[in-house]
Amino acid sequence: MSIRIIGGMIALTALMVGCETADGYLFANSSTVIGLKLEQSPTTNTPVADLGYVRSELAVVPTDRGACVEKGTDDLKCPVGMSAKNAPNVLMELRYSSILSANSSIYQRLAIGDIAVEQPGAAFMFAKSPRGELSSNNAEAVATALGADQARLTEDRGQTLMTCIGSDRTTGFDATQTSKRDAIVDKVYPDNPNNAGFRSLLTGSKNFLEFEQNAQALGYNTVKSLADAIANDPTLCN
């Protein structure tokens with residue numbers, strides 16, 4: 001008896017974004033359930049297997065709403081003037097690819113905060129395909145949407161960084177290029193606990209394309225500051 005494997009993925013996904021609690025926090029939760037389903041076709045008696053996978057994700061973001069008290073069933077009394085409109089800026093990106101199937105892919109993105117939802121890094125992140133790829137057409141569309149001037153400045157500053165480091169976009173950094181990258185990052189984000197996350201993201205970049213995308217994800221000002229560091233200290237390119 002032969003066994004036929006059906007490559008379809010059985011996944012249950014739930015996404016809740018913007019659910020505030022009584023303590024003024026915003027929760028963003030995502031969950032995917034994986035399963036293995038075995039059954040026999042009632043018509044052909046052929047065994048059939050369905051495969052899937054499971055994961056979970058949670059972001060807890062504080063807001064300025066302040067503590068609310070329960071006024072009644074499904075009713076809260078909150079401090080006057082508290083709106084929960086202000087929250088830390090958060091960008092989240094999660095991508096799975098080629099799981100259980102060569103064509104399998106899951107891509108999830110989340111932006112919270114007034115700057116996060118408007119800055120170029122978020123725009124480029126949300127323009128990626130489900131496989132995490134940013135096509136030239138999408139990149140051009142995003143650049144147009146961001147405005148010609150800002151897009152041009154971002155591109156020019158990216159070119160400045162790439163020329164200084166001495167790399168193309170996709171070849172992995174060699175030891176000299178890695179040293180230049182890290183020296184530029186040191187100028188913008190000195191080595192201290194407050195900058196650990198920024199430094200880790202930027203210095204973990206394996207090639208210039210990844211470096212540029214990570215800088216854009218941190219915001220337009222990061223790209224500007226990195227390029228300005230070169231203008232202020234040309235010896236970084238030596």
- Task: Quick one: do Lys187 and Asp233 satisfy side chain to side chain contact (heavy atoms under 4.5 Å, CB included)? Show the steps, please.
- Result: CA-CA 9 Å; Lys187 288 291 185 179; Asp233 185 2; 3.4 Å; yes
Donor-acceptor under 3.5 Å ([X] side chain, [Y] main chain):
X: Thr163; Y: Gln159; result: yes
X: Arg181; Y: Thr203; result: yes
X: Ser200; Y: Ala196; result: no

Search all heavy atoms of [X] against all heavy atoms of [Y] and return the closest pair with its distance.
X: Gly166; Y: Gln177; value: O-NE2, 2.5 Å
X: Gly158; Y: Phe208; value: O-CZ, 3.1 Å
X: Leu209; Y: Thr170; value: CD2-CG2, 4.3 Å
X: Val188; Y: Pro190; value: O-CD, 3.4 Å

- Task: Could you go through the side chain to side chain contact (heavy atoms under 4.5 Å, CB included) check for Phe198 and Asn214 one step at a time?
- Result: CA-CA 9 Å; Phe198 304 114; Asn214 288 339; over 6 Å; no
For residues [X] and [Y], determine if any side-chain heavy atom of one lies less than 4.5 Å from a side-chain heavy atom of the other.
X: Lys206; Y: Phe173; answer: no
X: Glu212; Y: Met162; answer: no
X: Asp182; Y: Leu202; answer: no

To the nearest 0.5 Å, tell me how far [X] [atom1] sits from [Y] [atom2].
X: Phe211; Y: Ile184; atom1: CZ; atom2: CD1; result: 6.0 Å
X: Lys180; Y: Ile230; atom1: NZ; atom2: CD1; result: 10.0 Å
X: Ile165; Y: Asp168; atom1: CD1; atom2: CG; result: 11.5 Å

- Between Asp191 and Arg199, is a side chain to side chain contact (heavy atoms under 4.5 Å, CB included) present by the stated rule, with each step listed? CA-CA 8 Å; Asp191 189 4; Arg199 290 175 57 86; 3.7 Å; yes
- Item | Worked check of side chain to side chain contact (heavy atoms under 4.5 Å, CB included) between Leu226 and Val223 | CA-CA 5 Å; Leu226 291 170; Val223 179; 5.7 Å; no
- Message: Less than 3.5 Å apart, any donor N or O on the side chain of Asp228 or Ser225 sitting next to an acceptor on the other?
- Response: no
